[in-house]
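Just so you know, these numbers use all the heavy atoms, side chains as well, and skip hydrogens, waters and symmetry mates. Sequence lines set the chain letters: A, B, ... in the order given, protein chains first and strands last, and positions in each chain run from 1.
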Protein chains: 2
Amino acid sequence: MTRGPRRATVKDVAALAGVSPKTVSNVMNETVFVRPDTRERVLAAVEELGFVPNLSARSLRNGRTGVIALALPDLATAFSADVVHRVVQVAHERGMVVQIEETAAEPKREYDLVSRAREHQIDGVILNPIRLKDSIIVHDDQLPPVVLIGEVEQHKVDRVLIDSRQAGYEVTKHLLERGARRIVAMGGETGATDATATSIQRLEGYHRALAEHGIEADPQLEVYVEEWSMVGGAEAAAELLARDTGFDAIVAFTDSIAFGALHVLDEHGISVPGDVLMTGFDDVEHARFMNPSLTTIALDRHAFAEAAVDLLLTRIADRTSPPRVVAIPHELVVRGSTTR
Amino acid sequence: MTRGPRRATVKDVAALAGVSPKTVSNVMNETVFVRPDTRERVLAAVEELGFVPNLSARSLRNGRTGVIALALPDLATAFSADVVHRVVQVAHERGMVVQIEETAAEPKREYDLVSRAREHQIDGVILNPIRLKDSIIVHDDQLPPVVLIGEVEQHKVDRVLIDSRQAGYEVTKHLLERGARRIVAMGGETGATDATATSIQRLEGYHRALAEHGIEADPQLEVYVEEWSMVGGAEAAAELLARDTGFDAIVAFTDSIAFGALHVLDEHGISVPGDVLMTGFDDVEHARFMNPSLTTIALDRHAFAEAAVDLLLTRIADRTSPPRVVAIPHELVVRGSTTR
DNA sequence: CTGAAAGCGCTTACAG
DNA sequence: CTGAAAGCGCTTACAG
């Protein structure tokens, strides 16, 4: 810096307030009780000098950075955008900033973040892991503070999730109640080798609902979706049509998959909800604005973000307490795509 | 840290390689030429000890953090999601990490970031300012490295933009060529007091196209949109219908506005493109998957992100060079919403 | 409740 | 091209 006055330091503040640097530190960090009049003098000096603590120096000393990482597979999806939006808001309210990471294109990044969080100058990680089997959470047992989001089947780490089995059951049951009998599961497939925990659970719920109605599962009606996006949904719908099997409803495992599938059905002159009923998961904003609007599973996204951030902050403060799980309630939102 | 071995430091590496800490630093930073065999020995020691530099210590010494901030008004929009996605990718390729900030809900944050970037431990900011008149860029002249994205009318700072005037002209001309005569501009309004530079420019292009075709601008056909989102587009469409004036096309100033408007038109039994033609701006992924798919203005988003990051890195390296402007080319993508 | 000293792990001058 | 010393600005023990 060539221009401008030198930034004030704790020393300057201490000198002006007539105390030691240690006392300034105590006031700034509110760790111990400081006598009110001392406190006042320090704060006045801070104000006068425009003192802002140097976070690099603080980090160097105490190992905390005030930064949490949010690592998601694909940042470009509507669901990711909403998670980022809310996590940033909640983190700010808690005095933390958020560093964003994307893991799908660069799988090593996921491992790297979790195995060397300290080296990356972050206090902890909120992670939506890509694949269950790849997740090093399972292997490594000396972890930094980590909160997993999404339905991951392991028990060493704090988690925020929704009950995907139950949700999968509910949407399928809804379709059965509306008269559908040949219901497609779009996103999971029995026996898929690289299935995610989420897809496995949603598929289980789907199977349970079918079984309750005395309907046997038909592998022809299970379509695997590699990329849970609109493109993936469009490809899956094309694959489904190519199988040339009858169907009267689709349970899409995310709203994005549903949007992609809807587009392809429309191109083929298949009407939703006229010919085929359709449901999604997530209730992204577009679900409400599509024509037809999309029946889907909604969750309290703010509660979701808040739980993730707060679990992480708790974990940062106490590394030894047992892992906790927070389940966020969900509900079925019925819209045009299942209403004839 | 109670468990695990102590992290290796430059000292450890220096001792193992039989050199001074300074030489280790020289090798790690590639600032000066180091004799190949010395270099090899140092790198071997780094490898053996798993040495990773402590970035807090580095920052404390040299003032750089390796962090850039990306500050957008609203993170939940599709356009934001895509910008975040691409900026994070490009920044990683350049060895930087990205801190995300949202400014619409917390307007002070914009000022704070730009006026005290150093205090926030960031090397620079990529900023999409909310309102022209609020932007402190105009007032302050001792700025940290800043790159503005979007059409901001000022010349003190590096900028990445598209030619919104020309784009506004092109979509309007396209609609005129398809026979539309009563074309609504949805997003800007002549004389709006808190108009953004973007909305002003798109409106100017719209006016120019009308003028070229000998059509007089009609204030009844200009609808102001407060929030450039689907909700805002839906509200604007409701407002337009309430005016009870004839129209045969809509130039929406973003794709999101178009989606919101499409939904309301559909609810009122107005067909796109049957009764009304519609265009957007941005070419977000949904534009392709809507029914009908949306005619819109596309830009090379990767080039956009790359230009923003690279301008910023150049600025961080050299604070004194004159401000630069990078214009990203755009093109009209014609789809179903303007094809009868 | 507050002070004086030491040190977190780097890199910047200053020498050679 | 490399070394020995100093210091970036905080906070952590250690005293009192």
Side-chain angles (χ1 to χ4, degrees), chain A residues 1-2 4-43 45-46 49-67 116 118-121 123 317, chain B residues 1-2 4-43 45-46 49-67 116 118-121 123 317:
Chain A
M1 309 253 46
T2 51
R6 191 179 60 82
R7 249 175 88 175
T9 72
V10 273
K11 257 187 178 164
D12 303 322
V13 175
L16 184 58
V19 298
S20 79
K22 165 73 168 126
T23 305
V24 176
S25 175
N26 285 343
V27 172
M28 296 305 285
N29 293 294
E30 300 177 339
T31 46
V32 298
F33 186 86
V34 177
R35 223 166 34 203
D37 60 322
T38 311
R39 194 183 141 74
E40 286 308 318
R41 265 186 304 144
V42 170
L43 289 178
V46 165
L49 298 172
F51 171 70
V52 180
N54 180 320
L55 298 182
S56 294
R58 178 178 290 174
S59 307
L60 178 58
R61 201 67 190 88
N62 73 6
R64 299 268 178 84
T65 59
V67 180
R116 317 217 290 205
R118 290 292 302 280
E119 284 83 342
H120 284 283
Q121 304 304 118
D123 292 341
Chain B
M1 309 253 52
T2 51
R6 190 179 60 83
R7 248 177 88 176
T9 72
V10 274
K11 257 188 179 164
D12 303 322
V13 175
L16 184 58
V19 298
S20 79
K22 164 71 167 122
T23 304
V24 176
S25 174
N26 285 344
V27 171
M28 297 303 286
N29 293 294
E30 300 177 338
T31 45
V32 298
F33 186 84
V34 178
R35 225 168 29 204
D37 60 321
T38 311
R39 194 182 140 73
E40 286 309 318
R41 265 187 303 144
V42 170
L43 290 178
V46 165
L49 297 172
F51 170 69
V52 180
N54 181 319
L55 298 181
S56 293
R58 179 177 288 174
S59 307
L60 178 58
R61 201 66 190 88
N62 74 6
R64 298 268 178 85
T65 58
V67 180
R116 315 217 291 205
R118 291 292 301 281
E119 285 84 344
H120 285 282
Q121 303 306 116
D123 293 340

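- Stem list for DNA chain D (at least 3 consecutive Watson-Crick or G-U pairs, distances under 3.5 Å): C:1-3 with D:14-16, C:5-12 with D:5-12, C:14-16 with D:1-3.
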Exercise for the section: Can you check each nucleotide of nucleotides 11-16 of chain D against protein heavy atoms at under 4.0 Å and return B for base, S for sugar-phosphate only, - for none, in 5' to 3' order? Expected result: BBB---

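- Of all non-hydrogen atoms in B/Ala45 and B/Ala17, the two that sit nearest each other are CB-CB, 4.0 Å.
- Look at CZ on B/Phe51: it is 10 Å from P on C/dG9, rounded to the nearest Å.
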Practice task
Could you walk me through whether B/Met28 and B/Val10 pass side-chain contact (heavy atoms from CB on, under 4.5 Å), step by step?
Solution key: CA-CA 10 Å; B/Met28 297 303 286; B/Val10 274; 5.7 Å; no

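- Within the 4.0 angstrom heavy-atom criterion, only backbone atoms of the sugar-phosphate kind lie near A/Thr38; the bases stay farther away.
- Atom CD of A/Gln121 is separated from atom P of C/dC10 by 10 Å (rounded to the nearest Å).
- Residues B/Arg58 and B/Asn29 have side chains in contact (heavy-atom distance under 4.5 Å, counting atoms from C-beta outward).
- Residues B/Gln121 and A/Asn54 meet the side-chain proximity criterion, which asks for heavy atoms closer than 4.5 Å.
- Rounded to a whole Å, the NZ atom of B/Lys11 is 12 Å from the C1' atom of D/dA5.
- Residues A/Val24 and A/Pro21 have side chains not in contact (no heavy-atom distance under 4.5 Å, counting atoms from C-beta outward).
- Here C/dT2 presents its C1' atom at 11 Å from CZ of A/Arg41, a figure rounded to the nearest Å.
- Atom-to-atom distance recorded for A/Arg35:CZ and A/Thr23:OG1 is 10.0 Å, nearest 0.5 angstrom.
- Residues forming a side-chain contact (heavy atoms from CB on, under 4.5 Å) with A/Leu49 (at least two apart in sequence, or on another chain): A/Ala8, A/Asp12, A/Val13, A/Leu16.
- Note that OG1 of B/Thr38 and CG of B/Leu43 are 10.5 Å apart. Values are rounded to the nearest 0.5 Å.
- Considering only side-chain N and O atoms, B/Thr9 lies nowhere under 4.0 angstrom from the phosphate OP1 or OP2 of C/dC8.
- For the pair B/Leu55 CG and C/dC10 C1', the computed distance is 10 Å after rounding to whole Å.
- Two residues, B/Leu60 and B/Ser20, neighbour DNA chain D, and the one matched to the more 5' nucleotide by heavy-atom proximity is B/Ser20.
- Side-chain atoms of B/Val42 and B/Val34, non-hydrogen and from C-beta on, never get closer than 4.5 Å to each other.
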